[in-house]
Amino acid sequence: MNTKFTDDEWLLIFQQRTQSGLSVRKWCDSNQISYDKYKYWEKKLMRRTDPERIVSPMDFVELPQALLPPLSLEQKV
């Protein structure tokens with residue numbers, strides 16, 4: 001798709017994708033938006049709104065304690 005969006009339109013697109021609950025790739029595929037273009041604009045606009053922010057909160061997922069391996073203070077040799 002060769003449509004150009006304004007910055008405000010991209011912010012709405014990001015909001016719609018987040019509310020959809022779909023992964024970025026699946027949402028982009030179903031809405032005929034290039035995944036690479038989406039990621040480019042996401043990064044560009046996030047830097048513009050918060051230059052100190054390099055990683056978005058969506059880049060991390062909190063894991064339930066049951067899925068984490070037990071911590072060990074002993075070093076394995």
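Quick caveat, the model's predicted, so the values are computed rather than measured. All heavy atoms count here, side chains included; hydrogens, waters and symmetry mates do not. We count residues from 1, following the sequence as given.
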Chemist: Parallel, tilted or perpendicular, judged at 30° and 60°: which one describes the rings of Tyr38 and Trp27?
Modeler: tilted

Chemist: Would a hydrophobic clustering, with Ile, Leu, Val, Met, Phe, Trp and Tyr connected at side-chain separations under 4.5 Å, put Tyr40 with Leu12?
Modeler: no

Chemist: In Å, rounded to the nearest 0.5 Å, how long is the span from CH2 of Trp10 to NZ of Lys44?
Modeler: 11.0 Å

Chemist: Could you check if a side-chain atom of Phe5 sits within less than 4.5 angstrom of a side-chain atom of Lys37, using non-hydrogen atoms only?
Modeler: no

Chemist: Of all heavy-atom pairs between Arg17 and Leu22, which one has the smallest distance, and what is that distance?
Modeler: NH1-O, 2.6 Å

Chemist: Looking at CG of Leu45 and CG of Leu11, how far apart are the two atoms once the value is rounded to the nearest 0.5 Å?
Modeler: 5.5 Å

Chemist: Of all heavy-atom pairs between Glu9 and Lys4, which one has the smallest distance, and what is that distance?
Modeler: OE1-O, 4.1 Å

Chemist: Ignoring hydrogens, what is the shortest heavy-atom contact between Cys28 and Tyr35? Give both atom names and the distance.
Modeler: SG-CA, 4.0 Å

Chemist: Rounded to the nearest 0.5 Å, how far apart are CG of Asn31 and NZ of Lys26?
Modeler: 14.0 Å

Chemist: Should Phe14 and Gln19 be marked as a side-chain contact (heavy atoms from CB on, under 4.5 Å) after you check the CA-CA gap, both sets of side-chain angles, and the distance that decides it?
Modeler: CA-CA 9 Å; Phe14 302 145; Gln19 290 174 349; over 6 Å; no

Chemist: Before you tell me yes or no, could you show the steps for Trp41 and Asp7 under side-chain contact (heavy atoms from CB on, under 4.5 Å), namely the whole-Å CA-CA distance, both residues' side-chain angles and the distance that decides it to 0.1 Å?
Modeler: CA-CA 8 Å; Trp41 281 99; Asp7 291 0; 3.6 Å; yes

